[in-house]
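What follows is a short report on a single structure.
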Amino acid sequence: MAQIIGKIIRISGPVIEADNMRGAKMNDVVHVGKERLIGEIIRLNQDVATMQVYEDTTGLKPGEIVESTQEPLSVELGPGLITSIYDGIQRPLPAIREHTGAFIARGVQAFSLDRKKKWLFTPEAQKGDAVVGGDVIGEVPETSHIQHKIMVPPLLTGIIASIASEGKYTIEEEIATITTNNGPVKITMMQRWPVRKARPFIEKYDPTVPLITGQRIIDTFFPIAKGGTAAIPGGFGTGKTVMLHQLAKWSDAKIVVYVGCGERGNEMTDVLREFPMLEDPRTGEPLINRTVLIANTSNMPVAARDASVYTGITIAEYYRDMGYDVALMADSTSRWAEAMREISGRLEEMPGEEGYPAYLASRLAEFYERAGRVKLLGSKHREGSVSVMGAVSPPGGDFSEPVAQNTLRIVKVFWALDADLADKRHFPSINWLKSYSLYLEEVGKWWEQQVGKDWLNLINRAMALLQKESELQEIVKLVGPDALPPRERVLLESARMIREHYLQQSAFHEVDTYCPGKKQYEMLRLMLKFSEKILEAAEKHAHIDKILALPSREVLARMGKMANDEFEQRFHQIEDDLEKELDALIKEKIA
Amino acid sequence: MKNTDIEYTTVTEIAGPLMVVESITDVAYNEIVKIRTSSGEERTGQVIEVFENKAIVQVFEGTRGLDTKHTSARFIGETMKLGVSKEIIGRVFDGMGNPLDHIPSIISEDRRDINGKPINPYAREYPQEFIQTGISTIDGLNTLVRGQKLPIFSGSGLPHNELAAQIARQAKVRGNEEKFAVVFCAMGITAEEANLFIKDFENTGSLERTVMFLNLADDPTVERIILPRMALTCAEYLAFDLDMHVLVILTDMTNYAEALREIAAAREEVPGRRGYPGYMYTDLSMIYERAGRIQQKKGSITQIPMLTMPDDDITHPIPDLTGYITEGQIVLDRGLHKKNIYPPIAVLPCLSRLMDRGIGKDRTREDHADVANQLYAAYAEGRDLRDLVAIVGEDALSERDQQFLKFADQFEQRFVAQSSHENRSIEQTLSIAWELLSALPDSELKKIDEKYIKKYHLKIKEKKTI
Ligand SMILES: Nc1ncnc2c1ncn2[C@@H]1O[C@H](COP(=O)(O)OP(=O)(O)O)[C@@H](O)[C@H]1O
Ligand SMILES: [Mg+2]
């Protein structure tokens, strides 16, 4: 291939132009200047290429050279991804630290995956097997509980001419040869894939199984399905990051990819510090052993924000292709959109709404479209899923802006954060009247089969109570609570119970932080039973103050923080006590 | 001839704070330019966009008096730097980093690029060391920790300067005598306001541990773009070379943002929200993210940026983008100020994101988190009732609700209010909290673990001792 070497003619922040670039292709990676900074071609006009540079351009001069690698921006995929923390273009932050110390300098070249490490490979195919892209030909124990499947790269078909025997190999060593129509192809444990292109699959299915998150308001009222999409918009301090961290910790996904896009450095440090110490409640293994981190913090180069999102989703698809359920969190997609806006502004493109480029909506849609539960490539029937959860940071907390609006048109779950709730320290501050999940009915069937057959009924009753509360509160605002009839005051108390002790859940309490599905079901059932009983008591003229003073009311309030095994043993007792107390109260009135 | 010796007299265009120099060669992006006016005055500028033979230069001292005929420009071959050495402590500099205190320039050990470099998240140490400020609403409810960036959102005429000075005066990490320094960075504030700080530093004897960077109200606005960068370069040197714990006060970030807007307008960029540039978030983060701690380094940078919210509007882009980057915010409120409550901290919209990991057993006290949550919840409820009472009257409230109403008043009078010289220990703060909470029915204290209620609740404690 002929070299393509051009010369810089303009530098404007992260955007540069070079001429003499004829032959270069859109989205190819370039090396810029003496320090060989990494950039990507984003516009071509005759001989002139415009590039976004993923590193600080200070000190670059017109006249310096630009060399095209003639390859699109790609990631390395193979064993060693898990537990890694990468920058937006998949350079490992530990390696950068080794090169340049505590502060990130530019021009660092580092492999994404360790070239020297040897992994234990066990073949799962034999010489002579006919294989197609996606077929698993071997396995590597990547971490204590993740088996990394070594797959035939997509788009390849042939016969295995040779395959390595069980043993330790590096990711560059040949582990198989496949004879194809175009001759033999060497297979290693590493693949490369261009980040802006979705990895192929055969067919998309409707998501039906819930991604259990251990967060009551989500699992119960606004669930996300495995392979689904959700957005969590909210002003600053309303709880986006804490919620995404909670989801990264407690979701029952096999693999978690967490993309910190244009947010705080300390938040990534927090994950790095905490995840090795936290245990996955299902496997007992450290959470970090299923997690890949991508960090392009707000003070890191803007152009790499765009790349970070694509890097993350490509890695997620790769693990999906192994047949796993993968969950990806992106905090925050608004910073990615702003990066698009900044680059677009420097390109002097025609601005759309609020200065965002006209292609904002299609880029967001393409990204969320890469989520899904799919039938995987390969000769055997296998499924995998990628669920995507994105934070949105609307200016002034106003959801009518373009990023929030365009996102809501695509995603199936909307967790609406509410600044008033956050101010009152009602956490998670997800507004239960504004949020929705289009998966509720579908995953409800799963709950009814697996957990409790009246699940959807419980949810509907609880939601009706909360709706009723909000109507009553409008009246209270006019006449005061004392003016309400006893029946309605009791309703308010029931709703308050659900609001304060079911919807609210502390991320920082060692027990409350994760609520198992069974516990959610029993808690909700008990609270609704209580609600029913006190309503009956009120109708039989029991005094509201007596109802409020019932000891079980306090016990119910503390269920969330009660140790899970203790709860498991006690909930029947709690139910009995509650019934006894209320029956006594009702009898007393009737007598 | 080296390029750095060439005096270009090819200025072709001047607009707002920008000028265009043509027929240039070998000029780098972000390079510094020395400009000489026709009267011989020297100014400084920076290349913000460069073409093959043309550079766009932003002039820090402004373009007044520049012309396209006699003005000359020399490109110095490097970016903006600040000379640092141990002698920097105790000194005062202007917006360009020149000494203002009539002592000769420092002999620098090193010259550092003022734009700094991002801290590798993998090298950060998570901040969790409690700083006691002696102010109950901060220590009790929005705890500050070493390495945090915690801004004060204020409004014009509110006592944010007094509050910042009080924090600077009282802040300490208990049980430790460590090297500390203050970096004070004034952007566009009045001489009077600056003097308030200087006097205070003088009175408490911390002046010799303070480095000041001053750009006052009548100084050139564009300098405000580089001033916080110089201040933070200095802070990084003190913290990570000299192992000091540095408190950086940046005031007023609103003036900084205005300067940013001015340049964007001159470049005829597509404006973002309310005329501020779309990249303001990124730009501000380059300042705020320079707070923090680094593994294996002893020092730290704690930032208290201050800003006045235009029109007291917290959704204005300046407080909004700041809040999206900083690790919480302390919000001042005009209503409380009118009620004569100092510090007029509006507790509900305040936040310290690093609080949860900085408090509790061995850090402050075991009951701290629960107490803070309960205070918040009770005060929020009391405040809601206050609104309700305004419509339906107090009689329409139940006895329980009346207790919450009273709680809200007491909370403002006794917990929030304190004098500007009152330095409360965290124990004092928590004991005021328990006094207030003990007036509520104890079945309402559901945010507090029963074991702490038994231990700290005034009435329940008494009952036990009888
Ligand atoms: N589930 C939760 N439990 C307890 N506190 C929470 C919870 N969610 C949010 N918070 C509080 O709110 C603060 C801000 O949350 P964060 O997720 O950082 O907001 P955002 O990312 O929306 O700006 C946190 O520092 C924490 O104090
Ligand atoms: Mg956040």
Checklist entry - Can you list every pair that meets salt bridge (charged side-chain N to carboxylate O under 4.0 Å, His left out) and has a residue in residues 21-31 of chain B, with sequence neighbours left out? => result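 For residues 21-31 of chain B, and leaving out neighbouring residues, the salt bridge (charged side-chain N to carboxylate O under 4.0 Å, His left out) pairs sorted by first residue read Lys61(A)-Asp26(B).
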So which part of [X] gets closer than 4.5 Å to some heavy atom of chain B, the side chain, the backbone, both or neither?
{"X": "His501(A)", "answer": "side chain"}
{"X": "Pro395(A)", "answer": "both"}
{"X": "Leu478(A)", "answer": "backbone"}
{"X": "Glu263(A)", "answer": "both"}
{"X": "Arg558(A)", "answer": "side chain"}

Checklist entry - Can you name the one residue among Arg335(A), Glu338(A), Arg305(A) that meets side-chain contact (heavy atoms from CB on, under 4.5 Å) with Thr282(B)? => result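 It is Arg305(A); the other options fail the test.
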Checklist entry - Taking Asn266(A) as the fixed residue, which of Glu289(B), Gln148(B), Glu327(B), Arg353(B) is the one that meets the side-chain hydrogen bond (donor to acceptor under 3.5 Å, both in side chains) rule? => result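 Single side-chain hydrogen bond (donor to acceptor under 3.5 Å, both in side chains) partner of Asn266(A) among Glu289(B), Gln148(B), Glu327(B), Arg353(B): Glu327(B).
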Checklist entry - Using non-hydrogen atoms only, which part of Leu375(B) is less than 4.5 Å away from chain A: side chain, backbone, both, or neither? => result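 It is neither, since no heavy atom gets under 4.5 Å.
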Checklist entry - Who pairs with His316(B) by ring-ring contact (aromatic ring centres under 6.0 Å, His included), at least two apart in sequence or on another chain? => result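 In terms of ring-ring contact (aromatic ring centres under 6.0 Å, His included), with neighbours along the sequence ignored, His316(B) is linked to Tyr276(B).
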Item to check | Where Arg357(B) and Asp270(A) come nearest, the two heavy atoms and their spacing | outcome: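 Closest approach of Arg357(B) to Asp270(A): NH1-OD2, 3.0 Å.
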Item to check | Lys446(B) bridged to Glu554(A) by N-O distance under 4.0 Å | outcome: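 Between Glu554(A) and Lys446(B) there is no salt bridge, as every charged N stays at least 4.0 Å from the carboxylate O atoms.
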